[in-house]
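Labels below follow one simple rule: chain letters A, B, ... track the order of the sequence lines, proteins then strands, and each chain is numbered from 1.
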Amino acid sequence: MKWTAALIATLRDDPQEAEIPSHRLMLRAGLMRKLASGLYTWLPLGLRVLKKVEAVVREEMDRTGALEILMPILQPRDLWERSGRWESMDAVMLKARTHGGRELVLGPTHEEVVTDLVAREISSYRQLPVSLYQINTKFRDEIRPRFGVMRCREFLMKDAYSFDIDEAGADRSYRLMYEAYERIFARCGLEAMAVEADTGMMGGRDSHEFMVPAETGEDAVAVCPKCGYAANVERAAVGETAFSGTRTAEKPEEVPTPGLRTVEELSRFLSASPARFIKTLIYRAGGEPFAVLIRGDREVNESKLSRGLGGAAAVLADEETIRKVTGAPLGFAGPVGLKGVKVLADYSVAAIADGITGGNREDIHLVHVNLERDCPPLEYADLAVAAGGDPCAACGTAMALRRGIEVGHVFKLGTKYSRTLGAVFKDEAGNERPAIMGCYGIGVSRMVAAVIEQHHDEKGIIWPAAVAPYQVLLLTLAPDQPAAARAAEDLLARLEANGRDVLYDDRAVSAGVKFNDADLIGFPVRITIGKKFLKTGLVEVKTRRSEEVRAVDPGEVPSLVDRLLE
RNA sequence: CGGGGCGUAGCGCAGUCUGGCUAGCGCGCACGGUUCGGGACCGUGAGGUCGGCGGUUCGAAUCCGCCCGCCCCGACCA
């Protein structure tokens, strides 16, 4: 392909709207252009990358035995009513209406459609297991789209769904996908790690996220350097901290704290570190109020709380309930003398030797609280959002926090959707049973951004060969010399015949422009036909990764390129 | 949704506080010429509803009001 025919336009300056490297480089290198917030047009160059990622994903999906289908983006309201997600996913759904008034949703995901399909097509255990996948556009009304295609309103996703007869089969399907994911990310040059994850809006019981470590990632992962435990902070289990030391002998003392409700305000007022506060939050779950104690500088992980309560959603209580439970307005709750409600304490408060807490009276806090002495025996549990330095629940080693980009997510869904949407089959005994499901997503467009986050330098992108828009950039610095132009066209033809995709920079611009664009876009191999060729007949071959330049005979180029791209 | 920032030529910006003549600069683009191994140079030229609407004023890119768009941070933690 000739550059002048390929609609490639690079930008000299960094676009003002882009903050992170991948977003900046995708615009500068001419891979995409913005239409509106969270909406991007893929230009020819960018689309080639997207298609290459897609091809790797498709190959590995096919290898697992999954079957490719293509489902509609527009989906009827009815299906979503049946799964209960018309309401629960309202915040991210974009809806549409036909002229006739029929309500549709632009699919944010496809569990409903695929389960409905299987419900109609599958009736016997003889047809199972089956896995179906598609590569299709998803729509999500993100609260705040950002970072280019990293978080946008419309994006390309590979979503797969497995249907099995029993748990053992479902586990096998899950494993198969998990392993395919490892191959997909490795083949695309991504260093990704699987971490335990929260199931969020998907439901189900087990899940792993595939994270690409990157400073610019939106997710945080807790990693144990010793035993290798790794989990999203939304999920990461935190171990108990052993308390060694002496708890305060001073008596609890009431201090007036007029109008001071937050840890931050109180910490300033009392000149005490937030880590000395025993924050007391009143929650309710299933109508029943209860108290949660946590250290002042930590946050409650509500999904841990809900899991601990056997699945009932825990929500912060309203002001009225707080008054009823504590006898004080919001901001003055404390565990000392709190009666009539269950009290759960996060591990983090166990180590507070001399605590500060609300006095259960308006404008009063208590200092010198010794939890062991001043409260009835507490029930300790892991209720906090994990933080750096927290002990690993498995081995007690201090965990580190790393940032990452979520490029894939696999879930064991169980029968949540198959039950509500009727994906049942007859087993050997003639009993009707719901299929055990799994679902598996990969953010295909996000992967492109993730690859760039992981592979760039100050000059531009450094594409892994498997996903580069073109594997080879051929350029000539003497376009007006017929011999050089002929050699270039000849080499272009031979490389293409050898199965390489090659871009030929035939522009009449200076050497600097060509070299800089080559580095910006980041083609793995660069071939230069210049003065040296006219004198010696040799062309120069260089990779984007290294500074090393080899002068070789044009006849040897195809095999050298093969070696360099391996 | 709350807070902050921004909106002037395709891109990057100056000018706005302190209103004043035909609204500037760099890059890019077109044409001509000289160059030709890391973003060359000279000349000529095209390109603007100064985000939109309304107001104040003799006069508005500039002041005021409303709206729109874009970017960043944060979102019930007592």
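One P atom belongs to B:G7, the other to B:A40, and the distance between them is 30 Å to the nearest Å. For the C1' atoms, the distance from B:A60 to B:C21 is 14 Å, rounded to whole Å. With C1' as the reference atom, B:C25 and B:C50 are 15 Å apart, rounded to whole Å. Comparing B:C36 with B:C13, their C1' atoms are spaced 31 Å from each other, to the whole Å. Nucleotides B:G19 and B:U62 have their C1' atoms positioned 6 Å apart, rounded to a whole Å. Rounded to whole Å, the separation between the P atoms of B:C17 and B:C63 comes to 5 Å.
Sorted by first and then second residue, the side-chain hydrogen bond (donor to acceptor under 3.5 Å, both in side chains) pairs with a member in residues 373-388 of chain A read A:K304-A:D382; sequence neighbours excluded. Legend: ring-ring contact (aromatic ring centres under 6.0 Å, His included) pairs involving residues 326-372 of chain A, not counting sequence neighbours, sorted by first then second residue: A:F332-A:H365. Applying the ring-ring contact (aromatic ring centres under 6.0 Å, His included) test to pairs two or more places apart or on separate chains, none has a residue in residues 521-549 of chain A. Applying the side-chain hydrogen bond (donor to acceptor under 3.5 Å, both in side chains) test to pairs two or more places apart or on separate chains, those with a residue in residues 317-340 of chain A are A:R284-A:T321, A:D318-A:T321. The side-chain hydrogen bond (donor to acceptor under 3.5 Å, both in side chains) analysis of residues 520-537 of chain A, with sequence neighbours excluded, yields the pairs A:K532-A:E540. For residues 297-328 of chain A, no pair satisfies ring-ring contact (aromatic ring centres under 6.0 Å, His included), with sequence neighbours left out.
A:G530 comes within contact range of at least one nucleobase, with a heavy-atom separation under 4.0 Å.
Whole-Å rounding puts the A:L477 CG to B:C36 P distance at 13 Å. Rounded to an integer number of Å, the gap from A:D505 CG to B:G38 P is 15 Å. Nucleotide B:C72 holds its C1' atom 13 Å from the CD atom of A:E218, rounded to whole Å. To the nearest angstrom, P of B:C27 lies 17 Å from CG of A:D517. Atom NZ in A:K531 sits roughly 8 Å away from atom P in B:C36 (whole-Å rounding). Residue A:K459 contributes atom NZ, which lies 12 Å from atom P of B:G39 at whole-angstrom precision. A straight line from CD of A:E142 to P of B:C70 spans 15 Å, rounded to a whole angstrom. Nucleotide B:C27 holds its C1' atom 14 Å from the CG atom of A:N516, rounded to whole Å.
Judged by distance alone, the side chain of A:D198 and the main-chain N or O of A:R235 form no donor-acceptor pair under 3.5 Å.
The pairing partner recorded for B:G32 is B:C42, the criterion being a Watson-Crick or G-U wobble arrangement whose two distances lie under 3.5 angstrom. Applying the Watson-Crick and G-U wobble criteria (two distances, each under 3.5 Å), B:G59 pairs with nothing in any strand. Taking a pair to require two hydrogen-bonding distances under 3.5 Å in either a Watson-Crick or a G-U wobble arrangement, B:C50 remains unpaired.
Residue A:R526 places a side-chain atom within donor-acceptor reach of the base of B:G38, judged by atom type and a 3.5 Å distance cut-off alone.
Salt-bridge check for A:D90 with A:R85: failed, with every basic side-chain N at 4.0 Å or more from each acidic carboxylate O.
Under the side chain to side chain contact (heavy atoms under 4.5 Å, CB included) criterion, A:V300 pairs with A:L281, A:Y283, A:V292, A:I294, A:E302, A:L305, sequence neighbours left out.
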Summarise how protein sits on nucleotides 73-78 of chain B as a single string, 5' to 3': B when a protein heavy atom is under 4.0 Å from the base, S for sugar-phosphate-only contact, - for no contact. B-B-BB

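Between A:T357 and A:F277 there is no side-chain heavy-atom pair separated by less than 4.5 Å.
Taking a 4.0 Å limit (strictly below) on heavy-atom distances, residues 2-40 of chain A reaches RNA chain B at A:R12, A:D13, A:D14, A:P15, A:Q16, A:E17, A:R28, A:K34, A:A36, A:S37.
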